[in-house]
Protein chains: 2
Amino acid sequence: MSLPRYARGVTTMRGYHHGDLRRALLAAAVEAIGESGPAALSLRDLARRAGVSHAAPAHHFGDKAGLLTALAAEGYDLLAEALSRPGDDLLESGVAYVRFAVDHRAHFEVMFSPGLYRADDPEVAAARARAGAALRGGVAALPARAAAEPARDALAAWSIVHGFATLWLAGALPPDAGRDPEQAARNVIRRLFE
Amino acid sequence: MSLPRYARGVTTMRGYHHGDLRRALLAAAVEAIGESGPAALSLRDLARRAGVSHAAPAHHFGDKAGLLTALAAEGYDLLAEALSRPGDDLLESGVAYVRFAVDHRAHFEVMFSPGLYRADDPEVAAARARAGAALRGGVAALPARAAAEPARDALAAWSIVHGFATLWLAGALPPDAGRDPEQAARNVIRRLFE
DNA sequence: GAGCATATCTTGGCAGCGACAAGATTGCGT
DNA sequence: ACGCAATCTTGTCGCTGCCAAGATATGCTC
């Protein structure tokens with residue numbers, strides 16, 4: 001009796017009798033969104049990718065919005081981790097934000113499309129709060145001259161990195177923005193310190 | 001014989017025998033996206049709203065992506081108009097950008113979701129170029145001290161207003177950002193000039 | 001270690017959707 | 001007045017999300 005297809009190399013968070021279908025479906029969703037965007041996502045396609053029947057996903061996530069809710073929560077946790085790593089340097093925190101958006105495009109697109117999932121879900125709210133704390137942690141170490149209005153400065157910093165990331169992902173930037181998003185982002189963010 | 005429902009008060013661009021279904025469908029799309037977001041858009045629902053059969057939209061737009069392509073082109077034209085009005089004041093151009101996003105949420109969401117439509121469509125490209133020119137026109141009038149690197153400054157300005165607008169529309173901003181997007185945006189954009 | 005409750009997954013079905021094909025209707029130009 | 005082309009309708013197919021009901025495996029209890 002061979003292992004089911006979706007159990008290959010999966011680290012089971014909670015060991016279920018067939019592996020961890022929940023995790024396999026989330027991974028398949030990231031893959032599918034990376035190929036065709038969140039709008040084209042299909043639960044039946046995810047089931048096929050995971051090698052299970054078309055109704056299996058419903059048991060883990062309820063419905064499509066439930067799956068995307070779990071993906072958004074996972075995304076906010078990944079973002080919190082990515083933002084807490086560079087520490088107190090606001091420039092590097094901003095670059096980390098853009099890098100997160102590029103490296104985890106699927107998560108990022110879902111996270112900021114609240115019409116696709118249940119943004120008021122408790123797990124999402126908790127993970128979002130963690131990411132928000134990490135974001136504010138980076139902004140807290142602003143140069144003194146800009147500390148006059150910290151809430152305003154935090155919003156400006158968030159806006160500029162979020163806007164750059166969004167425009168980059170949308171392919172809206174002109175070619176002269178370059179090919180390396182990190183370099184271009186660093187260049188843009190520096191504008192806040194001059 | 002009464003006029004068909006969708007012909008009420010429609011200024012016909014090209015007078016077809018039943019009014020201007022094309023325009024009626026685009027208006028219905030704006031309405032539907034405003035209610036449920038672009039992902040939930042359904043051509044059959046638009047047809048019902050316009051009072052025509054389910055296959056009528058296909059003749060004007062080919063497919064769903066065709067309709068959203070037309071909507072994106074219309075959006076870029078509206079944006080170009082909105083950006084050319086405030087003239088040379090970069091602050092007011094930025095506020096106009098945010099106001100456009102809030103007032104034309106449906107257009108804005110589609111425009112920057114290139115997976116939903118054909119971003120390389122000639123009409124879209126032309127309208128996008130017009131909007132880009134209007135955007136650069138606003139940035140050209142930057143205060144002298146910031147004119148060292150105009151391409152970088154333009155990208156920074158675009159990023160900050162686009163990011164603020166996106167975060168506002170996503171409902172991602174904390175409550176202390178206030179209720180009036182224009183006022184909050186003005187406050188944030190001013191950060192670029194200090 | 002046998003039975004049972006439960007979580008997990010499958011099968012089957014329904015309504016709505018996008019897209020296509022083919023036919024009906026209307027308006028316009030000549 | 002006639003014919004043509006643009007416009008719209010009807011019908012159909014495969015796909016999707018969701019629901020209901022049944023099958024299967026797991027782990028717990030004794």
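By convention in this document, chain letters (A, B, ...) are assigned in the order of the sequence lines, proteins followed by strands, and residues within each chain are numbered from 1.
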Listed pairs under 3.5 Å, donor-acceptor, residues 163-175 of chain A side chains, sequence neighbours left out:
residue, atom, partner, partner atom, Å
T166(A), OG1, H162(A), O, 2.7

Distance-only donor-acceptor pairs under 3.5 Å for side chains of residues 26-43 of chain B, two or more places apart:
residue, atom, partner, partner atom, Å
E31(B), OE2, R49(B), NH1, 2.7
E35(B), OE1, R49(B), NH2, 2.8
E35(B), OE2, R49(B), NH1, 3.4
S42(B), OG, R44(B), N, 3.2
S42(B), OG, D45(B), N, 3.0

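The shortest distance between side-chain heavy atoms of H59(A) and L21(A) does not fall below 4.5 Å. For the pair H107(A)/L71(A), a side-chain contact is recorded, criterion being any heavy-atom separation below 4.5 Å from C-beta on.
As a whole-Å value, the separation of L21(B) CG from dT7(D) P is 10 Å. Rounded to whole Å, the distance from NE2 on H60(A) to C1' on dC18(D) is 17 Å. For the pair L46(B) CG and dC17(C) P, the interatomic distance rounds to 10 Å; values are reported in whole Å.
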Polar pairs (N or O, both sides) under 3.5 Å between protein and nucleotides 15-17 of chain D?
residue, atom, partner, partner atom, Å
dT16(D), OP1, S42(A), OG, 3.4
dT16(D), OP1, R48(A), NH2, 3.1
dT16(D), OP2, R48(A), NH1, 3.4
dT16(D), OP2, R48(A), NH2, 3.3
dG17(D), OP1, L43(A), N, 2.8
dG17(D), OP2, L43(A), N, 3.0
dG17(D), OP2, R44(A), N, 3.1
dG17(D), N7, R44(A), NH1, 2.4
dG17(D), O6, R44(A), NH1, 3.0

ring-ring contact (aromatic ring centres under 6.0 Å, His included) for H104(A) and F108(A)? Distances and angles first, verdict last. CA-CA 6 Å; H104(A) 299 87; F108(A) 188 81; over 10 Å; no
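Interatomic distance, CZ of R136(A) versus CG of L83(A), reported as 11.5 Å (0.5 Å rounding).
Nucleic acid contact for A55(A): base, since at least one base atom lies under 4.0 Å from a heavy atom of the residue. Among the protein residues, A56(A) comes within range of the nucleic acid bases, having at least one heavy atom under 4.0 Å from a base atom.
Heavy-atom nearest nucleotides on DNA chain C were determined for H59(A) and for G62(B), and the one closer to the 5' end corresponds to H59(A).
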